[in-house]
Amino acid sequence: MKLYQGMGPNSYRVRIFMAEKGISLPMVDVDFAKGEHKAPEFLAVNSLGQIPVLELDDGTVITESVAICRYLEETTREPQLFGHDAVSRAKVEMWNRRAELVILGTVGNVALHSDAFFAERLTQFPAFAETERAAVPQKWGWLDDELSDGRPFLAGDEFSIADITAGVTAWLCEVFGMEIPASAKNVQRWLERVRSRPSFEA
Ligand SMILES: N[C@@H](CCC(=O)N[C@@H](CS)C(=O)NCC(=O)O)C(=O)O
């Protein structure tokens with residue numbers, strides 16, 4: 001089994017997830033700067049030319065960071081990062097999707113529509129990037145209100161994949177010069193909590 005990975009929030013999600021579970025795998029580094037993700041050999045692995053990709057020993061290919069994490073959750077049960085019963089599993093799914101669609105989506109649009117790296121992938125609309133950039137503080141503000149009930153993690157009392165998704169989003173914000181508002185005290189406290197986990201070094 002091996003993980004194709006490199007720079008970026010989606011590879012980081014899988015690496016943090018693996019570190020939480022104590023999983024180590026052979027890694028194949030895919031270098032964006034050299035265009036390795038669009039080379040024919042890599043497109044044969046993932047036709048979208050994106051990382052991360054998990055390749056199993058029998059040649060099965062799993063793309064999409066959350067799908068990779070789900071596979072690892074099934075094959076290494078503890079600690080459970082997708083919930084442990086009907087309610088907690090639904091909450092984790094809910095919060096992972098919210099983190100991805102509401103916050104990571106907005107921050108991602110800033111990157112996609114403003115960074116030269118993505119110019120070949122789509123038609124960029126710089127004005128849209130700026131509208132999305134302006135919306136980012138409001139998205140963190142929404143999360144701050146949600147966390148005002150004092151729960152330690154997004155989906156409740158237990159750390160989960162949802163915290164990993166929102167945690168890498170905070171990193172992406174920094175890379176693209178977006179700040180989490182200082183007034184979002186609950187988010188700041190949550191971020192400190194998740195970032196101090198050793199897995200976030202991964
Ligand atoms: N939905 C995918 C997104 C994968 C993705 O966009 N990966 C980025 C790096 S974080 C990438 O490979 N970008 C290169 C490209 O899209 O050309 C996932 O969750 O894994």
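Read the numbers this way: they start at 1 and go in the same order the structure lists the ligands and their atoms.
- Applying the side chain to side chain contact (heavy atoms under 4.5 Å, CB included) criterion to Val28, with sequence neighbours excluded, gives Lys2, Tyr4.
- Taking every heavy atom of His37 and a limit of under 4.0 angstrom, the matching atoms of ligand 1 come to 14 (C), 17 (O).
- Legend: residues meeting ring pair (Phe, Tyr, Trp, His ring centres under 6.0 Å) with Trp140, ordered by chain and number and at least two apart, are absent.
- Interface atoms of ligand 1 facing Pro52, defined by a heavy-atom separation under 4.0 Å, are 20 (O).
- Taking a 4.0 Å cut-off on heavy atoms, Tyr12 fails to register as neighbouring ligand 1.
- Applying the 4.0 Å criterion to heavy atoms of Glu64 picks out, from ligand 1, the atoms 1 (N), 2 (C), 18 (C), 19 (O), 20 (O).
- The closest heavy-atom contact to atom 17 (O) of ligand 1, among the options Lys38, Glu100, Glu120, comes from Lys38.
- Residue Arg13 has at least one heavy-atom neighbour below 4.0 Å for each of these atoms of ligand 1: 19 (O).
- Annotation: atom 7 (N) of ligand 1 to nearest protein heavy atom, Ile51 O, 2.8 Å.
- What sits closest to atom 11 (C) of ligand 1 on the protein, heavy atoms only, is Phe32 CZ, 3.7 Å.
- Aromatic ring centres of Phe17 and Tyr12 lie farther apart than the 6.0 Å criterion allows.
- In terms of N/O distances under 3.5 Å, ligand 1 is not approached by Phe118.
- If you number the atoms of ligand 1 from 1 as listed, the ones under 4.0 Å from a heavy atom of Gly8 come out as 10 (S).
- The pair Arg70-Glu93 counts as a salt bridge, with a side-chain nitrogen and a carboxylate oxygen less than 4.0 angstrom apart.
- With a 4.0 Å heavy-atom cut-off, ligand 1 is reached by the backbone of Pro9 and by its side chain too.
- Glu20 and Arg197 are joined by a salt bridge, as a carboxylate oxygen and a charged side-chain nitrogen come within less than 4.0 angstrom of each other.
- For a threshold of 3.5 Å applied to N or O pairs, the pair formed by Ser65 and ligand 1 contains at least one separation below that value.
- Protein heavy atom at the shortest distance from atom 15 (C) of ligand 1 is Arg121 NH1, 3.3 Å.
- Salt bridge Glu130/Arg133: present, at least one basic N to carboxylate O contact under 4.0 Å.
- Among all protein heavy atoms, the one lying closest to atom 3 (C) of ligand 1 is Asn10 ND2, 3.5 Å.
- When the options Asn186, Val187, Val102, Thr169 are evaluated for a side-chain contact (heavy atoms from CB on, under 4.5 Å) with Leu143, the one that passes is Val187.
- Here Glu146 pairs with Arg98 in a salt bridge; the nearest charged N to carboxylate O distance falls below 4.0 Å.
- Salt bridge annotation for Arg195-Glu174: present, with a cationic side-chain nitrogen under 4.0 angstrom from a carboxylate oxygen.
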